[in-house]
S.K.: 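Pasting in a structure now, in structure tokens, and then I'll have a few things to ask.
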Amino acid sequence: MGRIIVLFAGFSLVWSSAFIVGKVAIADLDPVVLLAIRFLVGAVCLLPFVVRRGRRFLQMPVMRFGAIAGVLNNALYLGLSFMALQTVPAPILVVIISCAPLLTSAFAALTGQEPLNAQRLAGFAICIVGVVCVAVWQPGAGSHMAHAGIAGMDVLAGYAMAIGGTVAFAFGTVYLRAHSVGASPVDVNFWQSLVGGLVLVPVALFRAPELVLWQAALHLQTLMAILYLAVVITLGAMFMWLYLIKRFGASKAAAAHLINPLSGLILSAVILGSDIAAIQIGGAVLIGFGLYIAVFRAPAARHPVCRKMSGSCKASS
């Protein structure tokens, strides 16, 4: 179990670091422009590896699989989430996205991939309560939420994008689990990054039509942030994510994202010097307990109960 915990925690820390590094780049670049450049740079970095493997990455099933994953996981999930940040307070967005494991479990059950049981749902529910404690009750959150009371339609559109991105992420996780058999993670990640970037380019051009709005990507600090996001996150973290899905299944892998608010809190405290409130520590305990119930604790065994006279047995918990 220790190795699994380290794997989940390591993935969450790496994945969550993207939001802290992303703040550096977003100060100069539009969020969608940043994502488009990030994914395209990631695809360029992966190109030598897929070419070295031969022409297998050009097989139609691999291209189709990677392209669909790129639209769901990169373009829709991250694109909609980043755009939602403009009107939805970040703590609320974190809570909405943290509901993805519940949706993932529901989609996995509907497609027959994984059983849906009360223990897993209870664990996820406890995690979400912990996420609320970590993400919402933080210094200045109230003022941010009050400030976010912008135009009503803009707020509704932001929440719709946040929910849409979460649904896309959950469905994309289940899709990866169902269709990843035999597909190379390198090939999948290449097409996922390339298609995700290409889909976002028209949106980025619409939001930032002037070339000068893209030139900020050449500033040293912003360029270093983009390279970190493209290499460490788009390549490294995504390979970890694909492994988690293949190793543990869609809903259990999605549970790793429930640790992200806690990881972000730790990274913010260490790197940015942010304060940690007592209620956030309590939320961290709830997240850990919920993950133990949902992912690490084995389901209750069902013991056979035999009737002495007939010799027949039935399962009983």
S.K.: What verdict does the side-chain contact (heavy atoms from CB on, under 4.5 Å) test give for Phe206 and Val32, after you've listed the backbone C-alpha separation in whole Å, the side-chain angles of each residue and the deciding distance to 0.1 Å?
M.R.: CA-CA 10 Å; Phe206 175 79; Val32 181; over 6 Å; no

S.K.: Please list, chain by chain and in numerical order, all residues satisfying ring pair (Phe, Tyr, Trp, His ring centres under 6.0 Å) with Phe190, sequence neighbours excluded.
M.R.: Phe57

S.K.: The criterion is side chain to side chain contact (heavy atoms under 4.5 Å, CB included); which residues satisfy it with Ile281, sequence neighbours excluded?
M.R.: Ile276

S.K.: Taking only residues two or more places apart in sequence, or in another chain, which ones meet Gln59 in a side chain to side chain contact (heavy atoms under 4.5 Å, CB included)?
M.R.: Arg56, Pro61, Val62

S.K.: Not counting sequence neighbours, list each pair that qualifies as a salt bridge (Lys or Arg N to Asp or Glu O under 4.0 Å) and has a residue in residues 277-290.
M.R.: none

S.K.: Just wondering, do Leu35 and Asn74 contact through their side chains at under 4.5 Å, heavy atoms?
M.R.: no

S.K.: Any heavy-atom pair between the side chains of Val195 and Met63 that's under 4.5 Å?
M.R.: no

S.K.: Could I get the full list of side chain to side chain contact (heavy atoms under 4.5 Å, CB included) partners for Val44, not counting sequence neighbours?
M.R.: none

S.K.: With distance as the sole test, does Trp191 use its side chain to make a donor-acceptor pair with the main-chain N or O of Phe65 at under 3.5 Å?
M.R.: no

S.K.: So which atom in Gly196 and which in Ala75 form the shortest heavy-atom distance, rounded to 0.1 Å?
M.R.: O-CB, 4.2 Å

S.K.: Where is the tightest heavy-atom contact between Ala84 and Gly158, given as atom of each residue plus distance?
M.R.: CB-O, 3.4 Å

S.K.: Identify, with sequence neighbours excluded, every residue that meets salt bridge (Lys or Arg N to Asp or Glu O under 4.0 Å) alongside Arg207.
M.R.: Asp30

S.K.: Identify whether Leu229 and Val231 are in the same connected component of the hydrophobic contact network (ILVMFWY, side-chain heavy atoms under 4.5 Å).
M.R.: no

S.K.: If I compare all heavy atoms of Cys45 with all of Leu235, which pair ends up nearest, and what's the gap?
M.R.: CB-CD2, 4.0 Å

S.K.: Which atom names give the shortest non-hydrogen contact between Asn73 and Thr173, and what distance separates them?
M.R.: OD1-N, 4.2 Å

S.K.: Check side-chain hydrogen bond (donor to acceptor under 3.5 Å, both in side chains) between Asp28 and all other residues, then give those that pass, not counting sequence neighbours.
M.R.: Thr222

S.K.: Does Leu78 reach the side chain of Phe39, with side-chain heavy atoms less than 4.5 Å apart?
M.R.: yes

S.K.: Report the distance from atom CD1 of Ile226 to atom CG of Leu40, rounding to the nearest 0.5 Å.
M.R.: 11.0 Å

S.K.: Could you state the interatomic distance from CE (Met161) to CG (Leu76), rounded to the nearest 0.5 Å?
M.R.: 12.5 Å

S.K.: Verify the cluster assignment for Val188 and Val51: are they in a single hydrophobic cluster under the rule of side-chain heavy atoms below 4.5 Å apart?
M.R.: yes

S.K.: What residues, two or more places apart in sequence or in another chain, satisfy ring pair (Phe, Tyr, Trp, His ring centres under 6.0 Å) together with Tyr77?
M.R.: Phe169

S.K.: For Pro31 and Phe82, work out which heavy atoms get closest and say how close.
M.R.: CB-CD2, 3.7 Å

S.K.: Which pair of non-hydrogen atoms, one from Val14 and one from Ile233, has the smallest distance, and what is that distance?
M.R.: O-CD1, 3.0 Å

S.K.: Quick check on Tyr228: does its OH atom have over 12 non-hydrogen neighbours (other residues, nucleotides or ligands) under 6.0 Å away?
M.R.: yes

S.K.: Is the OH atom of Tyr159 crowded by more than 12 outside heavy atoms at less than 6.0 Å?
M.R.: yes

S.K.: Can you list the residues that meet the side-chain hydrogen bond (donor to acceptor under 3.5 Å, both in side chains) rule with Ser12, with sequence neighbours excluded?
M.R.: Asn260, Ser263

S.K.: Show every salt bridge (Lys or Arg N to Asp or Glu O under 4.0 Å) that has at least one partner inside residues 208-237, sequence neighbours left out.
M.R.: none

S.K.: Taking side chain to side chain contact (heavy atoms under 4.5 Å, CB included) as the definition, give me every residue that meets it alongside Phe171, ordered by chain and number, with sequence neighbours left out.
M.R.: Leu72, Phe107

S.K.: What residues join Met224 in its hydrophobic cluster, counting side-chain heavy atom gaps under 4.5 Å, either direct or through other members?
M.R.: Leu220

S.K.: Walk me through it: do Leu47 and Val50 pass the test side-chain contact (heavy atoms from CB on, under 4.5 Å)?
M.R.: CA-CA 5 Å; Leu47 184 59; Val50 295; 4.0 Å; yes

S.K.: Going from NE2 on His219 to CG on Leu29, what distance comes out if it is rounded to the nearest 0.5 angstrom?
M.R.: 9.0 Å

S.K.: Does Gln221 CD have over 12 foreign heavy atoms under 6.0 Å away?
M.R.: no

S.K.: Quick one: are Leu194 and Leu46 in side-chain contact, heavy atoms under 4.5 Å?
M.R.: no

S.K.: To the nearest 0.5 Å, tell me how far Ile37 CD1 sits from Leu227 CG.
M.R.: 11.0 Å

